[in-house]
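Quick notes on the structure that follows.
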Amino acid sequence: QVQLVESGGGLVQAGGSLRLSCAASGGTCSSYHMGWFRQAPGKSREFVAAILRDGGHLYYAASVEGRFTISRDNAKNTMYLEMNDLKPEDTAVYYCAATSRTTTMGEFYDYWGPGIQVTVSS
């Protein structure tokens, strides 16, 4: 059973940057493909970015491509999301998740972190 915990969220002004981390325990991070999702108030959860277990393939939602960068360090059992040029519409609770499938669909992710708030002020 893999446990995931996010860190690095907070309040930032529009145009600013944040770096989220997702630490995995109870399992080997390198065994899973991993992703970031987010949910804004009153909206459904949406895919943000994903990275395959070897770090060789990256996937991004159109709304964040060019501004966000996903990466992972399997030796540290940690995944990251570097977020630049943040916009108020990026405000949401961000979740990291792990899956054994090659997918960007949240319903196929098996393990989830509790989530962390990111708030971007205008």
Side-chain angles (χ1 to χ4, degrees):
Q1 188 90 9
V2 176
Q3 290 85 45
L4 304 173
V5 178
E6 305 90 346
S7 61
L11 174 64
V12 64
Q13 288 188 331
S17 299
L18 281 175
R19 187 194 198 202
L20 301 183
S21 298
C22 173
S25 61
T28 304
C29 182
S30 60
S31 299
Y32 298 94
H33 309 308
M34 300 187 73
W36 289 97
F37 295 79
R38 67 187 182 186
Q39 186 166 18
K43 296 188 177 181
S44 58
R45 182 182 62 198
E46 65 173 355
F47 166 76
V48 175
I51 183 167
L52 297 192
R53 58 171 63 97
D54 64 359
H57 292 80
L58 313 177
Y59 304 89
Y60 295 97
S63 59
V64 307
E65 189 152 21
R67 300 187 297 122
F68 290 13
T69 302
I70 188 172
S71 62
R72 65 191 296 165
D73 185 337
N74 287 339
K76 295 183 178 179
N77 270 353
T78 303
M79 176 179 65
Y80 306 96
L81 185 68
E82 184 75 35
M83 305 186 293
N84 297 314
D85 189 23
L86 282 160
K87 305 175 186 300
E89 52 264 41
D90 294 317
T91 295
V93 177
Y94 283 71
Y95 300 89
C96 68
T99 179
S100 57
R101 306 189 193 198
T102 305
T103 181
T104 61
M105 300 177 69
E107 54 263 48
F108 295 116
Y109 279 70
D110 304 303
Y111 305 103
W112 292 82
I116 193 163
Q117 179 70 43
V118 171
T119 302
V120 184
S121 63
S122 57

- [ ] Output yes when a side-chain donor or acceptor of Arg72 lies under 3.5 Å from a complementary backbone atom of Asn77, and no otherwise.
- [x] no
Task: Heavy-atom closest contact (Gly35 atom, Tyr109 atom, distance) - done: N-CE2, 3.7 Å
TODO: Could you list all the salt bridge (charged side-chain N to carboxylate O under 4.0 Å, His left out) pairs where at least one residue sits in residues 11-35, not counting sequence neighbours?
DONE: Arg19-Glu82
TODO: Provide the full list of disulfide (SG to SG under 2.5 Å) pairs with a residue in residues 47-97, sequence neighbours left out, each pair given once.
DONE: Cys22-Cys96
TODO: Identify the heavy atoms of Val2 and Ala24 that sit nearest to each other, and give their distance.
DONE: CG1-CB, 4.2 Å
- [ ] Determine whether Ser21 and Met79 make a side-chain contact, defined as any pair of heavy atoms from C-beta on separated by less than 4.5 Å.
- [x] no
- [ ] Please name the pair of heavy atoms, one in Pro88 and one in Ser122, separated by the smallest distance, quoted to 0.1 Å.
- [x] CG-CB, 3.8 Å
Task: Chi angles and distances behind the side-chain contact (heavy atoms from CB on, under 4.5 Å) call for Thr69, Leu81 - done: CA-CA 6 Å; Thr69 302; Leu81 185 68; over 6 Å; no
Task: Sequence neighbours excluded - side-chain hydrogen bond (donor to acceptor under 3.5 Å, both in side chains) pairs with any residue from residues 42-53 - done: Arg38-Glu46
Task: Option from Asp54, Ile51, Thr99, Thr104 for which side chain to side chain contact (heavy atoms under 4.5 Å, CB included) with His33 holds - done: Thr99
TODO: Please answer whether the main-chain N or O of Val48 pairs with a side-chain N or O of Tyr94 as donor and acceptor at a distance below 3.5 Å.
DONE: no
Open item on the list: Applying a strict under-4.5 Å side-chain criterion to I, L, V, M, F, W and Y, I'd like to know whether Tyr80 and Leu86 cluster together.
Closed with: no
Task: Tyr59/Phe47 under ring-ring contact (aromatic ring centres under 6.0 Å, His included): CA gap, chis, key distance, verdict - done: CA-CA 10 Å; Tyr59 304 89; Phe47 166 76; 7.7 Å; no
Task: Heavy-atom closest pair, residues Tyr95 and Gly115 - done: CD2-CA, 3.5 Å
Open item on the list: Minimum heavy-atom separation for Ala98 and Tyr32, please, with both atom names.
Closed with: CB-CB, 3.9 Å
- [ ] Check Gln3 against Gln1 and note the closest heavy-atom contact, atom names and distance.
- [x] NE2-O, 3.2 Å
Open item on the list: Any non-hydrogen side-chain atom of Met83 less than 4.5 Å from a side-chain atom of Leu20?
Closed with: yes
TODO: Flag the pair Arg67 and Asp90 as a salt bridge only when some basic side-chain nitrogen lies within less than 4.0 angstrom of an acidic carboxylate oxygen.
DONE: yes
Open item on the list: A side-chain contact here means heavy atoms from C-beta on lying under 4.5 Å apart; do Asn84 and Phe68 qualify?
Closed with: no
Open item on the list: Can you confirm whether Glu107 is buried at CD, in the sense that more than 12 heavy atoms of other residues, nucleotides or ligands lie under 6.0 Å from that atom?
Closed with: yes
Open item on the list: Checking side-chain polar atoms at under 3.5 Å, does Asp73 have a donor or acceptor matched by the opposite partner on Thr78?
Closed with: no
